[in-house]
Chemist: 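Quick one: the structure is below, and I'll ask about it shortly.
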Amino acid sequence: MSERWRLRPRNPEAEAVLRRELELHPLLAQLLVQRGHCTPEQAHAFLNPRLRDGLRSPFLFRGMRCAADRIVQALARGERIAIYGDYDLDGVSGSALLYAFLRSLGTEPIVYIPDRMREGYGLHQPAIASLAQSGTGLLITVDCGAASHSQIRFATQLGLDSIVCDHHQVPAEPLPALAALNPAAPDSGFPFPGLCGAGTAFYLAWAVRSRLAEKGVTSLPDLRELLDLVTLGTIADVVPLEAENRVLVRHGLAALTEGRRLGIAALKNISRVTNVTSSAVAFRLAPRLNAIGRLGSAQAALELLVTDIPERAQQLATELQDANRQRQALEGAILKDALALCRNDPNWENRRAIVLASSEWHPGVIGIVAARLVEKFGRPTVLIAIDENSGVGRGSVRSTSGVNCYRALADCAPLLTAFGGHHMAAGFSIAVEHLEAFAQAFDEAVAKQTRAPQPTVHWADAVLELDQIDPADLASCLVALEPFGPGNPEPVFFARGVRLRAAQTFGGQHLRLFAEQRGKAWPAMWFQWGDEFPPDPNSSYDVLFSIEAHSSNGEAPLRLRLLRLRPSRSAER
């Protein structure tokens, strides 16, 4: 499908007001206005997110007071508490958060993370039974449980009270838990639906601390020490970095940079990260923490986040690094297969969605590759890993902003064994004999939510000449706008007539090179280069790119991240 490049419109009058009233750099004023922060009051609030002003009360959640009081009761009785988390980083970091918080209150909770390959997503009755046999009286879920009606009823039959912290879409049937804390639920009571599982767990910890303070308990834990864990889950789960999430992550990035947690310090060291930005979390820390859970058990990632033994932290960081290399190799092979399947599909141009399946794919990695295909083609993507022994496929779905993939799966429910997820990401299981019918049904479900296929439009915020970049000014603008993610996209710049030299591959899928314009060269990376054409050093290109700011390790002060390129021509506006 063809693509077009466009520059975002500007509002010079609003930019001038911000420059004058807040004494802002012209580029920062422009980027703020383009993101809708047009008045001095709006811009100041965005640039200075405060914990005290920016976080609403946890007790706005329906059921939060009941949940907090039940945990306070368990602490007073000395009951055993079990935390049941998902194996992705949101669930792991949220589970680590509750573990660290409850441990600081004098109890030693059990943490159970299911094995992705052996058990799969969600609550499982054998695991619940095992927790009950160990003496558990209270079960708290993190990033799972929203659709686990039968499992929650089973826990109740065994004498366990259940508190669910989740953010996935919920069925119409009420959940039979003591309390269900889910910002995505229509009746949650909380005004911001974008919290992830770890964010919801943080609000639960906050409510427990508040109830203990009301009862006169002193020496309570400092919740700011949990913000690093909230930030890992929030960025990794690609939820909107708006409202509460922006406040939590802005302060959490500072905590990650400080690196008081031994495991995070070890992981930063092995990842060559010093100053932690949203990009560093998304592309360096989170992939390593997620990799081991994608290949099997996430227990090592959990332990890394809570260990207080320096030698163990280093050992676990190395283990995660090795798992990430293995994950990268699997991802590269699956991406290559998926691109070949796309090219060989005679109806490719007419499809609204990408639906691909193979018995050669690892089910723990297909979600990453699906996200890569969404980035490349701008279409909702489903990848299915088939288990030939059982005749069952396990699917991962990643979507575009205009398509609710959970709703699309719901339209296909008669063909699925199980499914769950949210607007942008979901998962399901399916019998192999239904794959062909599902591919057709899912494409039709996506078509119901979209118009006829249109040329993909890639937007740039500003033209940025490489030979006129001032590293200090540009870095300060980018830092002020952090964190970047959904709801606050990383600025994208356009440059014309760029030469790309000294290209070297690394990681099997990426290019390291230099971008040069009128004699000024900056180091650049082209991630997920994949099957794109190699740049010709003797040709000039128009490029869309973002910028990473560096401050240590002997690296250049700025590095470009190439997003799109084409042979040079007149700019479209």
Side-chain angles (χ1 to χ4, degrees), residues 50-85 93-111 131 135-143 145-146 152 155-156 159-167 175-183 185 187-192 195-230 233 243-245 247-248 251-252 306:
R50 291 161 50 96
L51 287 168
R52 179 173 298 179
D53 304 328
L55 302 180
R56 286 166 281 204
S57 169
F59 295 106
L60 293 174
F61 274 99
R62 179 181 60 84
M64 181 62 84
R65 189 169 297 274
C66 174
D69 286 345
R70 180 63 182 89
I71 293 174
V72 169
Q73 182 186 68
L75 293 170
R77 291 176 176 176
E79 276 185 272
R80 172 155 283 185
I81 300 173
I83 301 163
Y84 193 121
S93 61
S95 297
L97 182 156
L98 285 182
Y99 173 83
F101 173 74
L102 292 172
R103 195 180 186 195
S104 68
L105 294 174
T107 190
E108 187 70 26
I110 301 171
V111 181
L131 292 172
T136 297
L138 177 60
L139 177 67
I140 306 173
T141 76
V142 181
D143 197 33
I152 296 294
T156 303
L160 278 68
D161 287 334
S162 299
I163 297 170
V164 173
C165 293
D166 201 356
H167 70 122
L175 196 65
L178 178 71
L181 311 174
N182 188 331
D187 61 346
S188 75
F190 197 74
F192 176 58
L195 291 174
C196 66
T200 307
F202 174 81
Y203 271 79
L204 176 60
W206 181 5
V208 171
R209 189 187 188 282
S210 296
R211 295 298 284 156
L212 289 171
E214 290 172 7
K215 293 179 179 295
V217 178
T218 57
S219 301
L220 291 169
D222 187 344
L223 294 176
R224 290 173 296 184
E225 295 180 0
L226 304 175
L227 294 177
D228 54 352
L229 297 174
V230 178
E244 273 80 2
N245 283 342
V247 178
L248 292 167
H251 291 271
V306 300

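Because the structure is predicted, anything quoted here is derived from the model rather than measured.
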Chemist: When you look at Val72 and Leu212, which way does the side-chain contact (heavy atoms from CB on, under 4.5 Å) test go after all the steps?
Modeler: CA-CA 7 Å; Val72 169; Leu212 289 171; 3.9 Å; yes
Chemist: Are Ile71 and Leu102 side-chain neighbours, meaning at least one heavy-atom pair lies under 4.5 Å?
Modeler: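 Counting from C-beta outward, Ile71 and Leu102 do come under 4.5 Å.
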Chemist: Do Arg211 and Arg65 have side-chain heavy atoms sitting under 4.5 Å apart?
Modeler: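 Arg211 reaches Arg65 side chain to side chain.
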Chemist: Take the angle between the ring planes of Phe190 and Phe61 and call it parallel below 30°, perpendicular above 60°, tilted in between.
Modeler: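 Rings of Phe190 and Phe61: parallel, as their planes differ by under 30°.
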Chemist: Looking only at heavy atoms, what is the nearest atom pair of Pro191 and Leu60, with distance?
Modeler: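 That would be CD-CD1, 3.8 Å.
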Chemist: Grab the two heavy atoms, one from Ala67 and one from Ile163, that are nearest each other, plus how far apart they are.
Modeler: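 Looking at all heavy atoms of both residues, the shortest contact is O-CD1, 3.6 Å.
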Chemist: Any side-chain heavy atom of Glu244 sitting closer than 4.5 Å to one from Leu55?
Modeler: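 In short, these two side chains touch, coming nearer than 4.5 Å.
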Chemist: If you apply the rule side-chain contact (heavy atoms from CB on, under 4.5 Å), what do you find for Val142 with Ser95, and how did you get there?
Modeler: CA-CA 6 Å; Val142 181; Ser95 297; 3.9 Å; yes
Chemist: Quick one, Met64 with Leu204, criterion side-chain contact (heavy atoms from CB on, under 4.5 Å). Give me CA distance, side-chain angles, the key distance, then yes/no.
Modeler: CA-CA 7 Å; Met64 181 62 84; Leu204 176 60; 3.8 Å; yes
Chemist: Compare every heavy atom of Pro221 with every heavy atom of Leu105, then report the nearest pair and how far apart it is.
Modeler: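 In this case the closest contact between Leu105 and Pro221 is CD2-CD, 3.6 Å.
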Chemist: Give, for atom CZ of Arg224 and atom CG of Leu248, the distance between the pair rounded to the nearest 0.5 Å.
Modeler: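 Output value for this atom pair is 13.5 Å.
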Chemist: Tell me, with the steps shown, if Cys165 and Asp143 meet side-chain contact (heavy atoms from CB on, under 4.5 Å).
Modeler: CA-CA 6 Å; Cys165 293; Asp143 197 33; over 6 Å; no
Chemist: When rounded to the nearest 0.5 angstrom, what distance separates OG in Ser210 from CG in Leu223?
Modeler: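 It is 7.5 Å, given to the nearest 0.5 Å.
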Chemist: How many angstroms lie between atom OG1 of Thr107 and atom CG of Leu138, to the nearest 0.5 angstrom?
Modeler: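 Thr107 OG1 to Leu138 CG: 10.0 Å, rounded to 0.5 Å.
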Chemist: Any side-chain heavy atom of Thr200 within less than 4.5 Å of one from Asn182?
Modeler: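 No. Closest side-chain heavy atoms not under 4.5 Å.
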Chemist: Compute the centroid of each ring, for Phe202 and then for Phe101, and state whether the two points are separated by less than 6.0 Å.
Modeler: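 They do not qualify: ring centres at least 6.0 Å apart.
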Chemist: Roughly how far apart are Ile81 CD1 and Leu98 CG, rounded to 0.5 Å?
Modeler: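 Reported value, rounded in 0.5 Å steps: 9.5 Å.
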Chemist: Using only atom types and a distance under 3.5 Å, with no angle test, would you say the side chain of Glu79 pairs donor to acceptor with the backbone of Thr136?
Modeler: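 No; zero donor-acceptor contacts below 3.5 Å.
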Chemist: Are the side chain of Ser57 and the backbone of Phe59 linked by a donor-acceptor contact shorter than 3.5 Å?
Modeler: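 Pair found, side chain donor or acceptor close to backbone of Phe59.
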Chemist: Quick one, Tyr84 and Ile110 - any side-chain contact, counting heavy atoms below 4.5 Å?
Modeler: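 Side chain of Tyr84 against side chain of Ile110, heavy atoms only: no contact under 4.5 Å found.
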Chemist: How far apart are the closest heavy atoms of Asp187 and Arg62, and which atoms are they?
Modeler: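 Minimum heavy-atom separation between Asp187 and Arg62: O-NE, 3.1 Å.
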Chemist: For Ala198 and Leu97, work out which heavy atoms get closest and say how close.
Modeler: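 Smallest heavy-atom distance, with atoms named: O-CD1, 4.1 Å.
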Chemist: How far apart are the closest heavy atoms of Arg70 and Gly137, and which atoms are they?
Modeler: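 So the minimum-distance heavy-atom pair works out to NH2-O, 3.6 Å.
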Chemist: Contact between Val164 and Leu175 at the side-chain level, heavy atoms closer than 4.5 Å - yes or no?
Modeler: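 In short, these two side chains touch, coming nearer than 4.5 Å.
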Chemist: Measuring from atom CG of Leu227 to atom NE2 of His251, what distance do you get when rounded to the nearest 0.5 angstrom?
Modeler: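 Here the rounded value is 8.0 Å.
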Chemist: Can you tell me how far the CD1 atom of Ile140 sits from the OG atom of Ser162, to the nearest 0.5 Å?
Modeler: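 Ile140 atom CD1 to Ser162 atom OG measures 10.0 Å (nearest 0.5 Å).
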